[in-house]
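Comments concern the structure below.
All residue numbers in this chain count up from 1 along the given sequence.
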Amino acid sequence: MATNGTDKFQVWEERWRALNRAMDETQKLYQVIPVARFPRKGTICDLFRRLQSFACGQFDYFFSGFKNNTLARSDAFPPEHVLAVILDQVGYDLDVIERVAAQRLTGTQREIETLMDTDKLAWLALKPAIGTMLGEDTSVLTYFRKSPNIRVVPYAHIAIIGVPYSCTTTPIDLLAIPHEVGHYVFWHRDRGQAGAFRNSIVADKNPVSAWREEIFADVYGCLVAGPVIAFDFQELAKQYSRDDFVSLNDGEHPTPFLRPQIYHKVLKRRGDDGNQWAAKAENLEKRWKIERGERTKNVGVSHVKVGRDQIPVDDVVQAGALLNAAKPVDYIVSQALAELQGVQSDWSGDVADQDVAKLGEEFTMRYHDLLQRVDALPPDPDPSADVTNVWNDWKKRLSDLPRSITTQTSEEPEWKPVFAAAGWTTEGPEDEPAQG
């Protein structure tokens, strides 16, 4: 039955109390477990505390504001929608952090050891950006899920990265980590710069502007891992059906047909100082031309979906295509490379020119070498640190940004940037894309 006046808010308050109680009880459960049995306990428990503090502030701001009519109403975003989104986001984060914790406590020995290794690998992928694009207080946690994923949160400087279960025995499946870290860098680097990057691409009416975050993550991942990740993304592109291979249109990810070319471009442009990236890019391009041809021959494929446009296949694959600043994909690649000038390492060694079977064998050895580069993970936060202001700090940070970056217009309520830029990159389990 429909409710009127303030009565309609009662059910939302009850839902919030249930969620808040769950956060209380979860924290109490994990706090009493000895550190010796709970790898990364300090970082995980700090994450729980920060989530609850942020959620309390956020929910109270909107709930009290709408109930007491101190926040302006919006036809586009009615109170019920705003409160539902908040509870969904918080509930999803609680679920993710519980997975991070539980998998370290109840997983098999192999799974627990793998998570400690993937924490190190993710930290290694973040390190090129630490101190320049990211603060020294940045940290990382990994957990198992069905496919690679990044969870970016607004209340902690921590990359929460999902890795596939297959990586317990197949290290090559960890090559998605540098790309996922690229998403974290996209959202947590200097906010003014991030806004300028997004707005310059949108303002240019670039037909692939919706791909800007994914392309940025591709560029970052390639600069960190080198040619081996380009090879890996060729293999990932081959996993799509014929139709999706040339016409994937999920609004976020570059079409698989052309996505490996992003990696080839990055390798060519940063191929100097004797790293042989340019030469390996040539070999990878030749391989991709064959693989691409095998997928599309004799099936009448004439066009590829590029953002909003259908581009003739010949225009996409010809020598030099998309390689100048007038081309939409290359424009974003160029912008990302300009922002990532100081980022570059190489996880590849000599493995990128091998066939698939050889690649897996060689990267397994390379993977263990990479782990030796990590002396230690970031220290656990101080458990006595005050986290009561995480919501207010976030809200103030957004209010200090120029309107062009928060995308607020004069017709929208003043709270719109705080709601729309809540700091999360995914809506929740039901809305996640199929790829990272």
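Note that CZ of R49 is 9.5 Å distant from OG1 of T388, once rounded to the nearest 0.5 Å. Once rounded to the nearest 0.5 Å, the distance linking CD of Q27 with SG of C45 reads 7.5 Å. Here the CG atom belonging to L175 is positioned 9.0 Å from the CZ atom belonging to F233, to the nearest 0.5 angstrom. Atoms CG and CD1, from L105 and I33 in turn, are 4.5 Å apart once rounded to the nearest 0.5 Å. The OH atom of Y61 lies 10.0 Å from the CD1 atom of I86; values are rounded to the nearest 0.5 Å. A distance of 6.5 Å separates CE of M116 from CZ of R104, quoted to the nearest 0.5 Å.
Residues N149 and E180 bring no donor and acceptor atom of their side chains to less than 3.5 Å of each other. Using modelled atom types, one finds a donor on one side chain and an acceptor on the other under 3.5 Å when comparing W277 with D346. Between Q335 and E339, the side chains place no donor N or O within less than 3.5 Å of an acceptor N or O (distance only, hydrogens not considered). One side chain, D93 or Y155, offers a donor N or O that lies under 3.5 Å from an acceptor on the other. Inspection of the T364 and R366 side chains reveals no N or O donor paired with an N or O acceptor under 3.5 Å. For the 3.5 Å distance criterion, the side chains of S64 and D60 qualify, holding a donor opposite an acceptor. A donor-acceptor pair shorter than 3.5 Å can be found between the side chains of Q109 and E113. A donor atom on one side chain and an acceptor atom on the other are found under 3.5 Å apart for H264 and Q234.
Between the side chain of T108 and the backbone N or O of E111 there is at least one donor-acceptor pair closer than 3.5 Å. For Q341 (side chain) and A338 (main-chain N/O), a donor-acceptor pair under 3.5 Å exists by modelled atom type. A donor-acceptor pair is defined here as one N or O able to donate and one able to accept, closer than 3.5 Å; no such pair exists between the side chain of R270 and the backbone of G226.
The aromatic rings of H157 and H188 sit perpendicular, their planes meeting at an angle over 60°, well past the 30° parallel limit.
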Just distance, no hydrogens or angles: give the donor-acceptor pairs under 3.5 Å from side chains in residues 72-85, sequence neighbours left out.
| from | atom 1 | to | atom 2 | distance (Å) |
| --- | --- | --- | --- | --- |
| R73 | NH2 | F66 | O | 2.8 |
| R73 | NH2 | N69 | OD1 | 3.2 |
| S74 | OG | A76 | N | 3.3 |
| S74 | OG | F77 | N | 3.1 |

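Taking the ring centroids of F257 and F245, they lie under the 6.0 Å cut-off. Here the two rings, on H183 and Y220, have centers that are 6.0 Å apart or farther. Between F62 and W415, the distance from one ring center to the other falls under 6.0 angstrom.
When side chains are defined from C-beta on, Y30 does not count as touching I44, because their heavy atoms never get closer than 4.5 Å. Using a 4.5 Å cut-off on side-chain heavy atoms (C-beta onward), L267 and C222 make contact.
Not a single ring pair (Phe, Tyr, Trp, His ring centres under 6.0 Å) links W12 to another residue, sequence neighbours left out. Applying the side chain to side chain contact (heavy atoms under 4.5 Å, CB included) rule to T169 yields the partners R110; only residues at least two apart in sequence or on another chain are considered.
In this structure, R189 satisfies the cation-pi test against F216, with its NZ or CZ atom closer than 6.0 Å to the six-membered ring centre and inside 45 degrees of the ring normal.
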